[in-house]
Amino acid sequence: MPGKWVIGVLLGLTAFLVGCADENEEPSAETRRQLEKSLARYETYLQRNAGKLLHWTETIVLKVGEGSVPKAQSRYAASRIPYGRIDPVADLRVELAAYREIEEGIFGEESAVGLAPVAKGLRGDVGDLRKQIAAADYSPPEVTAGASAVLEEVLESGLPGESEPDSGTTLTTVAAQTEGVDAALEAVEPLLAEIDPDLLARIDVQLDQVYETVGEYGTFAKEPEQSRPQEPGIAFVVYSELDSEAIRGIAQPIENLAKLITQAQPEIESSV
């Protein structure tokens, strides 16, 4: 008869194997149905915001062509909302690099001279991106990885003021990116609720903290009750009004959220 030590080892090994099986167990049929619906809603959200981005890009083309710098500036600021919301599914800093050139011209130099062909090219790029988003079929790992990448970009170049150095609309973009990450997380929520409900709860709490902290400096576009429609770019304070302490205060909850999403990534990848 095996000794107590051998029995203990066998019991431990059995528990380990059962645990491994649980970790690799496929989602239930009900979770898969819910996940399919949430991903479909997310794709609709992306398509709607890609359409809005194209609309604002077309108005940028129009105002740049007219040489109306102030109006081009306001349209640029408006474009940051749908831009940030679709960020989890596209490397916008690469695909839509012309935005930076336009920003430098209309804000940095306060001139639209020479920007008409740049703006028209950008309109074409945004149109292509909209088609790509409409045709895409996003998986939970892709959506989660995209949300993680956005928060990394916010911490590494957004909040340090490197991505929009001339326009002052950094917080407008960060707020929109927060909304975009929120939508991405909602898309994979049914899956995460089954495989790690505790982690999902911590993510929800931390996301609320991000909203609360960023919301101290303006009004989110998704807020339903406003005295009047907020003018994008005015809804949040300009970046130059933030001191280093304020920037650190905004960054901390975003960093905490990023860490939690990083924890969720391997769990989601192994479950689908």
Side-chain angles (χ1 to χ4, degrees), residues 43-136 150 153-154 157-158 161-180 183 218-222 226 228-241:
E43 289 172 1
T44 299
Y45 171 88
L46 293 172
Q47 292 167 18
R48 183 170 64 249
N49 280 283
K52 289 181 179 179
L53 181 60
L54 180 59
H55 163 74
W56 288 118
T57 305
E58 289 174 339
T59 63
I60 291 172
V61 172
L62 179 63
K63 298 309 173 184
V64 164
E66 294 174 352
S68 178
V69 171
K71 290 183 178 180
Q73 290 175 339
S74 69
R75 274 55 173 186
Y76 170 90
S79 73
R80 306 313 290 175
I81 294 175
Y83 180 101
R85 286 173 169 174
I86 67 173
D87 207 357
V89 302
D91 189 350
L92 299 180
R93 288 155 299 287
V94 174
E95 295 191 37
L96 305 180
Y99 265 117
R100 176 68 192 99
E101 188 173 349
I102 292 172
E103 180 205 2
E104 183 178 11
I106 62 178
F107 288 97
E109 300 174 6
E110 296 187 352
S111 171
V113 175
L115 291 180
V118 178
K120 289 179 181 179
L122 177 62
R123 178 177 57 191
D125 291 341
V126 173
D128 290 343
L129 179 61
R130 184 188 185 189
K131 293 177 183 178
Q132 293 172 21
I133 288 175
V150 167
E153 187 275 332
V154 169
S157 61
E162 298 174 2
S163 58
E164 295 179 76
D166 296 306
S167 66
T169 56
T170 293
L171 282 189
T172 296
T173 302
V174 169
Q177 288 170 315
T178 299
E179 293 178 355
T219 304
F220 279 87
K222 75 169 193 172
Q226 299 179 19
R228 63 179 177 82
Q230 293 293 320
E231 181 71 15
I234 298 176
F236 282 85
V237 302
V238 296
Y239 183 80
S240 59
E241 294 183 12

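One-based numbering along the sequence shown. Note that the structure is a prediction, hence the values are computed from the model and not measured.
Judged purely by atom type and a 3.5 angstrom limit, Gln73 uses its side chain to pair as donor or acceptor with the backbone of Ile106. Judged by distance alone, with hydrogens and angles left aside, the side-chain atoms of Tyr239 form a donor-acceptor pair with the main-chain N or O of Gly161 at under 3.5 Å.
Under a 4.0 Å N-O distance rule, the pair Glu179/Arg85 qualifies as a salt bridge.
Across every non-hydrogen atom of Pro82 and Ala78, the tightest pair is CD-O, 3.3 Å. In terms of heavy atoms, Gly67 sits closest to Ala112 at CA-CB, 4.2 Å. The two residues Gly158 and Ser163 make their nearest non-hydrogen contact at CA-OG, 3.5 Å. Contact between Glu103 and Pro165 at its shortest, heavy atoms only, is OE2-N, 3.4 Å.
In this structure the side chain of Val126 never reaches within 4.5 angstrom of the side chain of Arg123, judged on heavy atoms. Contact annotation: the side chain of Lys63 never approaches that of Pro70 to less than 4.5 Å [non-hydrogen atoms, C-beta and beyond].
Under the side-chain contact (heavy atoms from CB on, under 4.5 Å) test applied with Val154, the options Thr173, Val174, Thr178 reduce to a single match, Val174. For the side-chain contact (heavy atoms from CB on, under 4.5 Å) with Leu122, the qualifying choice from Ile102, Val61, Val64, Leu115 is Ile102, the only one to do so.
Going from atom CG of Leu54 over to atom OG1 of Thr59 covers 10.0 Å, rounded to the nearest 0.5 Å. Atom-to-atom distance recorded for Arg130:CZ and Lys52:NZ is 12.0 Å, nearest 0.5 angstrom. Taking CZ of Phe220 as the reference point, atom CZ of Phe236 lies at 4.5 Å (rounded to 0.5 Å). Distance CD1/Ile133 to CD1/Ile86: 4.0 Å, rounded to 0.5 Å. The structure places OG of Ser68 at 12.5 Å from CD1 of Ile60, a figure rounded to the nearest 0.5 Å. In this structure, CZ in Arg100 is found 4.5 Å from CG in Asp166, a value given to the nearest 0.5 Å.
The number of heavy-atom neighbours closer than 6.0 Å to CD of Gln47, taken from other residues, nucleotides and ligands shown, is above 12. Within 6.0 Å of the CD atom in Gln132, the count of heavy atoms belonging to other residues, nucleotides or ligands exceeds 12.
Side-chain contact check for Thr57 and Tyr99: at least one donor-acceptor pair (N or O, by modelled atom type) lies under 3.5 Å.
A cation-pi contact, defined as under 6.0 Å to the ring centre and within 45° of the axis, links Arg80 to Tyr83.
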